[in-house]
Asks: 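So that we are looking at the same thing, I have put the structure below in structure tokens.
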Amino acid sequence: MALKGLDIFKLTPKTNCKECGSPTCMAFSMKVAQGAVDLSKCPHMSEEALATLSEATAPPMKTIKVGTGDAEYSLGGETVLARHEKTFVSRPRFAVSLTADMDIDAVMAEVKKVDYDRIGEQMHAEMVYVEYTGDSAAYVEAVKKVTGIGKTIILGCKDVEAAKAALEVCKAEKPILDGADASNYADMVEAAKAAGVVLGVTGADINELYDTTAAIEKLGYKELVLDTTGADIKTTFATTVQVRRACLAKNPDRTCGYPSIVNLSKIAPNDEPMQIALASMFVLKYGSIIVMDTMNYARALPLYGLRQNVYTDPQKPMKVEPGIYPLNGGDENSVVLTTVDFALTYFVVSGELERSGVPCNLAISDAGGLSVLTSWAAGKFSSTSISKFIIENVEPKIKCRKLIIPGKVAVLKGDVEAKLPGWEVIVAPNEAVQLVKFLKDMQAAGEI
């Protein structure tokens, strides 16, 4: 059970040195108890106290890192069952299932077509799950084909020798070896240890999965993920939810405290509508890695949108970087539009501006990640902030002196003009969808 602030305070040096960024050791202890600050921020904590507190304050679900470079991902680390309680930490990752008898190059060429930006996040299938089908040599060749392509590899293999041969090919990329069960776990642990990779644990049912995981922990290996895929959809869902509940209960069972793999290619093979529906469900309840037959736009658009909405911290506004964004070949002579840095506003407005085809510059200032009306009401999107940003950032780079402000803050027009001598301030329509006609009409009239 998590320690309270007073319990943590008793083990601090009580120097009130402020080097941790908090005014007192008690304030620091309260922040640690809330999960807002890491213990390592205190430079004077004794090794003994750190060891004691690290164990007691660690999340009930272990954080596991897999992959390398741009394909490195954190799994697990969750502390709540429902997003409204706090926030979810590590978003699920999608994997594409492959076997040696497939045309892997062709399959991956199709998968790579899904690669797009949504509100500042790149959307694509992050992992590949290579399933062993009995031919060790063919399996190794299949693994070679997906090594070095920027995807985290999952080796679905219960044959110890085949797994070792595959690991020799890809271990530098820190794959997951998903193949330990009640019959082979000791050998699989040795293989995973030798390669320094995460080990996936499976079981015929939830009891066998639990017992095998406990046995592996007794061998001293805890870099694990739990493959909660069962014989059918009902069993898979029940196991996945029960494991998560057990590790996040009031008195957590840390043997269940690992990320999960859910393999939809096994419980709904070749059924695209069902896989999309199940993937949506396991984004919510509680797949850390979701394996599918493939990834195309019919799957990606709903799934990545859902994942992004659920796994965005509601306490942190989604923002884009302030700056000048040229659109449709906009240059120093193109008209300037301005709006807030709230990501959704930016992508809606920029999308309509691109649809208009009119060259322009979109100037984004720091408005706290709030919407237009909210930031205006909070004083973060005002005539002062707009004019200051234009003078400091836009005027040195843009020759055009026409500025279009959002229609919902038309009241700012006079003040902005007064603070920007030489600029013509124009009020845009209230809704972004009206920008296309608005800009085309201005262009046709020779106003821009």
Side-chain angles (χ1 to χ4, degrees), residues 117-120 305 309 312 314 317-448:
D117 185 284
R118 184 178 190 272
I119 317 182
N309 289 338
T312 297
M318 297 175 68
K319 302 169 60 176
V320 295
E321 286 296 316
I324 304 170
Y325 295 83
L327 301 171
N328 303 323
D331 57 24
E332 61 181 9
N333 297 309
S334 302
V335 68
V336 179
L337 298 95
T338 188
T339 191
V340 294
D341 59 346
F342 178 43
L344 185 57
T345 298
Y346 168 80
F347 284 103
V348 169
V349 170
S350 63
E352 295 300 327
L353 295 179
E354 288 176 346
R355 197 161 66 89
S356 75
V358 177
C360 57
N361 296 293
L362 184 55
I364 302 295
S365 58
D366 185 355
L370 304 174
S371 66
V372 172
L373 286 178
T374 306
S375 59
W376 170 69
K380 294 181 179 292
F381 191 59
S382 63
S383 60
T384 301
S385 66
I386 293 171
S387 59
K388 181 180 179 182
F389 183 82
I390 295 297
I391 291 170
E392 293 180 355
N393 299 278
V394 178
E395 285 188 349
K397 301 174 182 177
I398 306 296
K399 292 180 180 179
C400 179
R401 290 297 181 261
K402 289 190 177 183
L403 174 66
I404 301 176
I405 64 173
K408 291 183 177 179
V409 290
V411 66
L412 297 178
K413 180 179 186 297
D415 285 346
V416 173
E417 281 184 324
K419 293 173 180 176
L420 289 176
W423 282 80
E424 178 187 352
V425 178
I426 303 166
V427 177
N430 281 340
E431 302 300 331
V433 72
Q434 298 171 309
L435 284 171
V436 175
K437 183 178 184 303
F438 176 76
L439 288 177
K440 285 184 174 181
D441 287 348
M442 288 186 69
Q443 188 181 49
E447 297 175 8
I448 57 174

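Starting from 1, each residue takes its place in the sequence as its number. Since this is a predicted model, take the numbers as computed values, not measurements.
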Asks: Should Val409 and Val372 count as side-chain neighbours, where that means a heavy-atom distance under 4.5 Å?
Replies: yes

Asks: With sequence neighbours left out, write down each residue that passes side-chain hydrogen bond (donor to acceptor under 3.5 Å, both in side chains) with Glu332, or none if nothing qualifies.
Replies: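 side-chain hydrogen bond (donor to acceptor under 3.5 Å, both in side chains) check on Glu332 returns Lys399.
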
Asks: Only counting residues at least two apart or in another chain, list the ones meeting salt bridge (Lys or Arg N to Asp or Glu O under 4.0 Å) with Lys437.
Replies: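 Partners of Lys437 under the salt bridge (Lys or Arg N to Asp or Glu O under 4.0 Å) test: Asp441.
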
Asks: Kindly write out the residues that satisfy side-chain contact (heavy atoms from CB on, under 4.5 Å) with Ala410, not counting sequence neighbours, or none if the list is empty.
Replies: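 Expected list: Val427.
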
Asks: Looking only at heavy atoms, what is the nearest atom pair of Pro326 and Gly330, with distance?
Replies: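 That would be CB-O, 3.5 Å.
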
Asks: For Ser356, enumerate each residue passing the side-chain contact (heavy atoms from CB on, under 4.5 Å) test, keeping only those at least two apart in sequence or located in another chain.
Replies: Asn328, Val358, Val436, Leu439

Asks: Would the distance check show the side chain of Glu417 and the main-chain N or O of Gly414 forming a donor-acceptor pair, the cut-off being under 3.5 Å?
Replies: no

Asks: Which atom names give the shortest non-hydrogen contact between Gly369 and Asp341, and what distance separates them?
Replies: N-OD1, 3.0 Å

Asks: What I'd like to find out is whether the side chain of Leu403 reaches to under 4.5 Å of the side chain of Ile386, using heavy atoms alone.
Replies: yes

Asks: Are Leu344 and Met318 close enough, and set up right, to give a side chain to side chain contact (heavy atoms under 4.5 Å, CB included), and what steps lead you there?
Replies: CA-CA 8 Å; Leu344 185 57; Met318 297 175 68; over 6 Å; no

Asks: Decide yes or no on side chain to side chain contact (heavy atoms under 4.5 Å, CB included) for Ile426 and Ile405, but give the supporting numbers first.
Replies: CA-CA 6 Å; Ile426 303 166; Ile405 64 173; over 6 Å; no

Asks: Which heavy atom of Ala363 sits nearest to which heavy atom of Val336, and what is that distance?
Replies: CB-CG1, 4.0 Å

Asks: Report yes if the side chains of Leu435 and Val349 come closer than 4.5 Å at any heavy-atom pair, otherwise no.
Replies: yes

Asks: Any idea which heavy atoms bring Gln443 and Pro359 closest together, and the distance?
Replies: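 That closest heavy-atom pairing would be NE2-CD, 4.0 Å.
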
Asks: What's the shortest heavy-atom distance between Phe438 and Pro429, and which atoms?
Replies: CG-CD, 3.6 Å

Asks: Which residues satisfy the salt bridge (Lys or Arg N to Asp or Glu O under 4.0 Å) test with Glu392, sequence neighbours excluded?
Replies: none

Asks: Check Ile404 against Ala428 and note the closest heavy-atom contact, atom names and distance.
Replies: CG2-CB, 3.5 Å

Asks: If you look only at pairs with a residue in residues 332-377, which of them pass as a ring pair (Phe, Tyr, Trp, His ring centres under 6.0 Å), with sequence neighbours excluded?
Replies: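 Residue pairs with at least one partner in residues 332-377: Tyr325-Tyr346.
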
Asks: List for me each residue that meets side-chain hydrogen bond (donor to acceptor under 3.5 Å, both in side chains) alongside Asp331, sequence neighbours excluded, and say none if there are none.
Replies: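 Ser334.
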
Asks: State the CD1-OG distance between Ile390 and Ser365, to the nearest 0.5 angstrom.
Replies: 7.5 Å

Asks: My understanding is that only residues two or more places apart in sequence, or in another chain, count here; which of them pass side-chain hydrogen bond (donor to acceptor under 3.5 Å, both in side chains) with Ser383?
Replies: Lys419

Asks: For the NZ atom on Lys408, are there more than 12 heavy atoms of other groups (residues, nucleotides or ligands in this structure) within a distance under 6.0 Å?
Replies: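 No, NZ of Lys408 has 12 or fewer neighbouring heavy atoms, counting only those of other groups under 6.0 Å.
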
Asks: Can you pull the salt bridge (Lys or Arg N to Asp or Glu O under 4.0 Å) pairs that have at least one residue in residues 347-357, sequence neighbours excluded?
Replies: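 Counting only pairs at least two positions apart or across chains, the salt bridge (Lys or Arg N to Asp or Glu O under 4.0 Å) contacts touching residues 347-357 are Glu352-Arg355.
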
Asks: Going by side-chain contact (heavy atoms from CB on, under 4.5 Å), name the residues that satisfy it together with Lys397, two or more places apart in sequence or in a different chain.
Replies: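 Partners of Lys397 by the side-chain contact (heavy atoms from CB on, under 4.5 Å) criterion, ordered by chain and then number, come out as Ile324.
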
Asks: Is there side-chain contact between Val340 and Ile364, with at least one heavy-atom pair below 4.5 Å?
Replies: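 No, their side chains stay 4.5 Å or more apart.
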
Asks: Using the side-chain contact (heavy atoms from CB on, under 4.5 Å) criterion, which residues pair with Pro322? Sequence neighbours excluded.
Replies: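 Pro322 satisfies side-chain contact (heavy atoms from CB on, under 4.5 Å) with Asp366, Phe389 once adjacent residues are dropped.
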
Asks: The criterion is salt bridge (Lys or Arg N to Asp or Glu O under 4.0 Å); which residues satisfy it with Lys440, sequence neighbours excluded?
Replies: none

Asks: Are the side chains of Cys360 and Val335 in touch, meaning some heavy atoms are under 4.5 Å apart?
Replies: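 The answer is yes; the side chains approach within 4.5 Å.
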
Asks: Quick one: do Asn361 and Ile398 satisfy side chain to side chain contact (heavy atoms under 4.5 Å, CB included)? Show the steps, please.
Replies: CA-CA 9 Å; Asn361 296 293; Ile398 306 296; 3.7 Å; yes

Asks: Could you state the interatomic distance from OG1 (Thr345) to NZ (Lys319), rounded to the nearest 0.5 Å?
Replies: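 Result: 13.0 Å between the selected atoms.
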
Asks: For the pair Ser375 (side chain) and Ser371 (backbone), establish whether a donor and an acceptor sit closer than 3.5 Å, ignoring hydrogens and angles.
Replies: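 Confirmed, Ser375 side chain pairs with Ser371 backbone.
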
